Amino acid sequence: MDRFYEKIPCSTSNLGAGYDVFGLSLELFLEIEARFGQRKVTNLPIQLENSLLNIESKVHKILSIKRPKNLTWTLNSNIPIGKGLGSSASLIVGILKIVSSAHSIRLSDQELISLASSIEGHPDNVSPTILGGLTISFTDSDGNFKAIKTSIKEFPKSVVFVPDFSLQTRRARQVVPSEVKLSDAVKNISQTNIILESLYSKRYDIMQYAIHDKLHENYRANLIPGYTQVKDKIMNDGAYFASLSGAGPSIFAFVPEDFDPEGAVYKWLEFGVRAKCYFLNVYLK
Ligand SMILES: Nc1ncnc2c1ncn2[C@@H]1O[C@H](COP(=O)(O)OP(=O)(O)O)[C@@H](O)[C@H]1O
Ligand SMILES: N[C@@H](CCOP(=O)(O)O)C(=O)O
């Protein structure tokens with residue numbers, strides 16, 4: 001076979017308090033294809049071509065295989081880039097799956113998670129794109145990235161507000177302090193448990209107690225004009241839960257069926273930010 005194809009979902013990570021741990025797979029996809037022919041990338045602007053080829057090179061290195069000189073890559077992606085929807089993780093997973101199957105290397109889901117996360121740097125976007133649903137990422141005692149897929153099969157309606165500017169994850173991680181107060185850590189532990197209980201028991205009303213992350217959101221909010229006001233508006237308009245999507249700048253929310261997103265979109269406009277609104281189903285796999 002000389003054609004390899006993968007369709008990979010996007011993801012929203014953290015869910016606020018679950019920093020670097022929670023990841024949720026959503027039905028917005030990247031499609032990637034590789035054929036043997038000549039080395040080139042079709043369908044991408046030049047700076048993104050380089051980033052794809054850079055990932056291709058890292059993937060070959062991590063699999064200890066010589067990089068072929070004749071792979072043609074074609075990418076069709078609906079995942080907005082640099083918006084906090086894990087586009088880089090989806091791309092890494094797509095390339096890793098293609099390169100491993102092109103070389104008849106069989107990787108388990110946990111092996112894929114471990115390898116892709118070591119390229120991406122953190123596992124919370126990688127894991128849901130591989131396992132689907134809501135995942136809990138961690139490192140084992142040897143420092144390998146791993147993840148567990150929760151057994152939650154039903155989720156409230158999800159909406160993502162995607163602004164017209166992007167924020168590089170690297171930049172958004174620079175503003176997060178490396179040490180935290182014990183009381184803040186305790187607060188985050190309680191919130192992550194509330195999120196899980198709310199989703200397991202479908203008591204969505206209790207999620208409102210889990211929207212006050214202490215580890216990263218406040219610091220990142222300074223990089224996003226109107227973030228706090230728009231998040232407040234989303235909650236005041238009846239959402240069960242709202243948080244930064246990944247490292248931002250998008251905002252993710254769980255909402256009731258009749259939720260109207262217009263108010264939040266207008267609120268962001270007051271800060272000069274145009275936002276698109278995506279209602280997305282959770283991808284369960
Ligand atoms: N579809 C894509 N094609 C090429 N490069 C991509 C693509 N998606 C992501 N990337 C690379 O990943 C970077 C964005 O990653 P990141 O800052 O982590 O944001 P995101 O939240 O979208 O994952 C881009 O600048 C680019 O280098
Ligand atoms: N846990 C990471 C997740 C980054 O996700 P992205 O989709 O913004 O790349 C973080 O919060 O930095």
Side-chain angles (χ1 to χ4, degrees), residues 6-26 28-34 40-59 73-96 98 113 116-117 119-129 134-139 145 147 160-163 165-178 180 188 192 213-221 223-224 227 243-252 278 280:
E6 292 290 341
K7 183 174 176 182
I8 311 288
C10 80
S11 58
T12 183
S13 56
N14 301 330
L15 296 184
Y19 182 63
D20 280 354
V21 173
F22 285 152
L24 183 67
S25 184
L26 297 171
L28 189 66
F29 295 92
L30 167 157
E31 292 180 84
I32 182 160
E33 182 192 280
K40 66 173 180 179
V41 180
T42 61
N43 238 6
L44 272 185
I46 184 79
Q47 67 278 27
L48 292 180
E49 272 185 26
N50 289 339
S51 106
L52 188 151
L53 292 173
N54 189 22
I55 295 170
E56 185 207 37
S57 156
K58 287 183 181 162
V59 163
W73 293 94
T74 306
L75 193 66
N76 284 305
S77 181
N78 289 319
I79 309 175
I81 298 175
K83 307 284 189 185
L85 285 167
S87 71
S88 55
S90 300
L91 184 62
I92 291 166
V93 169
I95 294 178
L96 184 57
I98 284 182
I113 288 169
S117 302
I119 296 174
E120 167 73 358
H122 40 85
D124 47 330
N125 285 114
V126 163
S127 306
T129 68
L134 177 69
T135 56
I136 299 173
S137 297
F138 61 99
T139 43
F145 291 114
V160 189
F161 296 88
V162 181
F165 64 96
S166 53
L167 177 57
Q168 282 216 331
T169 304
R170 200 174 344 116
R171 166 90 186 97
R173 290 182 83 82
Q174 280 166 356
V175 301
V176 177
S178 54
V180 299
N188 266 51
T192 51
D213 161 72
K214 293 287 176 188
L215 303 189
H216 66 108
E217 267 200 21
N218 285 347
Y219 307 100
R220 290 171 162 177
L223 305 173
I224 305 168
Y227 176 75
S243 69
L244 202 59
S245 180
S250 299
I251 303 181
F252 171 80
Y278 295 67
L280 297 172

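Just so we're clear, the structure is a prediction, and the values are computed from it rather than from any experiment. As the structure lists them, so they are numbered: ligands from 1, and atoms in each ligand from 1.
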Would the distance check show the side chain of [X] and the main-chain N or O of [Y] forming a donor-acceptor pair, the cut-off being under 3.5 Å?
X: Ser57; Y: Leu53; result: no
X: Tyr227; Y: Leu244; result: yes
X: His216; Y: Gly16; result: yes
X: Asn76; Y: Glu31; result: no
X: Asn78; Y: Leu28; result: no

### Task
Sequence neighbours left out, what passes side-chain contact (heavy atoms from CB on, under 4.5 Å) with Ser166? Give chain and number order.
Lys83
### Query
Quick one: do the Glu56 and Trp73 side chains pair a donor with an acceptor below 3.5 Å?
yes
### Message
Could you work out, with salt bridge (Lys or Arg N to Asp or Glu O under 4.0 Å) as the rule, every residue matching Arg173, not counting sequence neighbours?
### Response
Asp20
### Summary
Counting only non-hydrogen atoms and a 4.0 Å cut-off, the residues near ligand 1 are Leu44, Leu48, Ser51, Leu75, Ile81, Gly82, Lys83, Gly84, Leu85, Gly86, Ser87, Ser88, Leu91, Gln168, Thr169
#### Entry: Partner of Ser11 under side-chain hydrogen bond (donor to acceptor under 3.5 Å, both in side chains), chosen from Asp124, Thr129, Thr135, Asn125
Asn125
### Message
Can you work out which protein residues put a heavy atom within less than 4.0 Å of ligand 2?
### Response
Ser13, Asn14, Tyr19, Asp20, Gly84, Leu85, Gly86, His122, Asp124, Asn125, Thr169, Arg173, Arg220, Gly246, Ala247
